[in-house]
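Since the structure comes first, as structure tokens, the remarks are kept for the end.
Below, chain A is the first sequence line, B the second, and so on; all start at residue 1.
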2 protein chains.
Amino acid sequence: MEILEGIRTRKSIRRYTGKIGSEEIDTLLRAGFAAPSAHNKRPWEFLVIRDEKIIDDICKIHKYARFLKDAGTGILVLGDSDKAFNRDFLIQDCSAALQNILLAAHGMDLGATWCGVYGGGDEIYNGFVDYFRLPANIIPVGLIVVGKKEIREMTERNRYDEDKIHFDRW
Amino acid sequence: MEILEGIRTRKSIRRYTGKIGSEEIDTLLRAGFAAPSAHNKRPWEFLVIRDEKIIDDICKIHKYARFLKDAGTGILVLGDSDKAFNRDFLIQDCSAALQNILLAAHGMDLGATWCGVYGGGDEIYNGFVDYFRLPANIIPVGLIVVGKKEIREMTERNRYDEDKIHFDRW
């Protein structure tokens, strides 16, 4: 898939037809690792969730990620605050990695959705921290749910909004 | 350019050979608009910086973005906190838009660098807020510097780090 086309036609997929394999997971992780990072700190960590019991539990913690059960694979992107330049850049670095994974999935004709964790409210955020017993320096930022999807024609939604474009001055 | 190859070979470019045109800017903005957004709030705004005097001033405000002078074009991505679900998602939504623009630039064989603004310290952050007289609800997140570059063979840097991959448990 051509990169500009991929960027424009990507959309969140919540219906899945099957589970991806370990090679596909590896490709997605490599996309995450290729993200830019402020001051090159690369504070990201990746937690691949495949175990059915754990997936069941996550679906209870994150009510907006219940389709993880059908997708069969989650990639939780976390940031290490001991490594990041600061918390703001940790979130931005991890977001760039999340977006890379999301686009890579689309480029592989897979379906994926970015489910917010950091900023998703105490129930979700603390739910992940407690469930995985994360150390205080490990911040879960977002969960990519990914799986096989029905291949349909890709259409570009027009979200272009001239009112949001400014030139030289606010 | 193929999307997976583009994700893997993108890197920050700080040396430029010329300025991009309005069609290229339009393509980059469309990539920004195609980002995912938590609860579909799409809080982003884009400020295209092309004026030479303004570029000179920005180079004084953001010392890590001085190559903007050679690139000739900056795209400042800002978030509207009145539209965003919350501040954390505002940063993540804008980061996804920034990453889309960065990858789109690479896909067009342009050079680009994401310069941090939110989290870049008071001098930079307040510098942008004051300079553009931004209303309190408009949060500058990051600046994409973009221009023409010398085309060289793309190489993938190996940033893969097995120690950062976890399966099912932290």
Side-chain angles (χ1 to χ4, degrees), chain A residues 1-4 6-8 10 12 27 29-31 33-36 38 42 44-51 54 85-89 91-92 95-96 98-100 102-104 106-108 113-114 116 118-119 132-135 138 141-142 156-157 159-161 164-170, chain B residues 1-4 6-8 10-12 27 29-31 33-36 38 42 44-51 54 85-89 91-92 95-96 98-100 102-104 106-108 114 116 118-119 132-135 138 141-142 156-157 159-161 164-170:
Chain A
M1 191 185 301
E2 205 276 323
I3 192 163
L4 293 174
I7 288 170
R8 288 188 186 180
R10 180 216 56 80
S12 298
T27 303
L29 294 174
R30 285 178 191 276
F33 279 114
R42 290 173 271 169
W44 39 63
E45 301 274 342
F46 303 96
L47 203 168
V48 180
I49 303 166
R50 300 273 279 171
D51 182 276
I54 295 175
F85 188 78
N86 60 35
R87 176 67 64 99
D88 295 327
F89 282 166
I91 302 305
Q92 292 171 60
S95 297
L98 283 154
Q99 182 63 8
N100 269 7
L102 206 56
L103 287 170
H106 182 51
M108 296 157 76
T113 296
W114 173 343
Y118 190 87
F132 289 111
R133 297 180 193 176
L134 300 175
I138 300 297
V141 178
E156 180 184 346
R157 286 165 309 163
R159 292 173 148 204
Y160 191 84
D161 183 349
K164 292 183 171 182
I165 302 173
H166 313 262
F167 289 95
D168 287 317
R169 284 166 188 82
W170 179 259
Chain B
M1 189 184 303
E2 205 276 324
I3 192 161
L4 293 174
I7 288 170
R8 288 187 186 181
R10 180 216 55 80
K11 60 180 180 182
S12 299
T27 303
L29 293 174
R30 283 178 193 277
F33 280 114
R42 291 174 272 169
W44 40 65
E45 299 276 341
F46 304 95
L47 202 168
V48 181
I49 304 167
R50 299 273 280 171
D51 182 277
I54 295 175
F85 188 77
N86 60 34
R87 177 67 65 100
D88 295 327
F89 282 166
I91 302 303
Q92 292 170 60
S95 297
L98 283 154
Q99 182 62 7
N100 268 7
L102 206 56
L103 288 169
H106 182 51
M108 295 156 77
W114 172 344
Y118 190 87
F132 289 110
R133 296 179 193 176
L134 300 175
I138 300 298
V141 178
E156 181 184 344
R157 287 165 308 165
R159 293 175 147 202
Y160 191 84
D161 182 351
K164 292 183 171 181
I165 302 173
H166 314 262
F167 289 93
D168 287 318
R169 283 165 190 81
W170 179 258

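Both the backbone and the side chain of A/I7 have a heavy atom closer than 4.5 Å to some heavy atom of chain B. Contact annotation for B/A96: both backbone and side-chain heavy atoms come within less than 4.5 Å of a heavy atom of chain A. Proximity to chain A involves both the backbone and the side chain of B/I165, based on heavy atoms less than 4.5 angstrom apart. In this structure, no portion of A/T113 lies under 4.5 Å from any heavy atom of chain B. For a residue to count as touching a neighbouring chain, one of its non-hydrogen atoms must lie under 4.5 Å from one of that chain's; by this rule A/L98 does not touch chain B. For B/L47, the parts sitting under 4.5 Å from any heavy atom of chain A are the backbone and the side chain alike. Proximity to chain A (any heavy atom under 4.5 Å) is restricted, for B/L29, to the side chain, taken from C-beta onward. Interface remark: A/F167 contributes backbone and side-chain atoms alike to the contact with chain B (heavy atom separation under 4.5 Å). Proximity to chain A (any heavy atom under 4.5 Å) is shown, for B/R42, by both the backbone and the side chain. Contact of A/W170 with chain B is made through backbone and side chain together, with heavy-atom distances under 4.5 Å. Contact of A/D168 with chain B is made through backbone and side chain together, with heavy-atom distances under 4.5 Å. Within the 4.5 angstrom heavy-atom criterion, atoms from both the backbone and the side chain of A/I49 approach chain B.
The heavy-atom pair separating B/P36 from A/W114 by the smallest distance is CG-CE3, 4.0 Å.
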Original post:
Are B/F33 and A/K164 close enough, and set up right, to give a side-chain contact (heavy atoms from CB on, under 4.5 Å), and what steps lead you there?
Top reply: CA-CA 9 Å; B/F33 280 114; A/K164 292 183 171 182; 4.0 Å; yes
**OP:** Take A/I3 and B/L103 through the side-chain contact (heavy atoms from CB on, under 4.5 Å) test and state the conclusion after the steps.
**Re:** CA-CA 8 Å; A/I3 192 163; B/L103 288 169; 4.1 Å; yes
Original post:
Would B/T27 and A/R8 count as a side-chain contact (heavy atoms from CB on, under 4.5 Å) if you check the C-alpha gap in whole Å, the side-chain angles of each, and the deciding distance to 0.1 Å?
Top reply: CA-CA 10 Å; B/T27 303; A/R8 288 188 186 180; 3.8 Å; yes
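For the pair B/R30 and A/Y160, the cation-pi criterion (under 6.0 Å, within 45° of the ring axis) is fulfilled.
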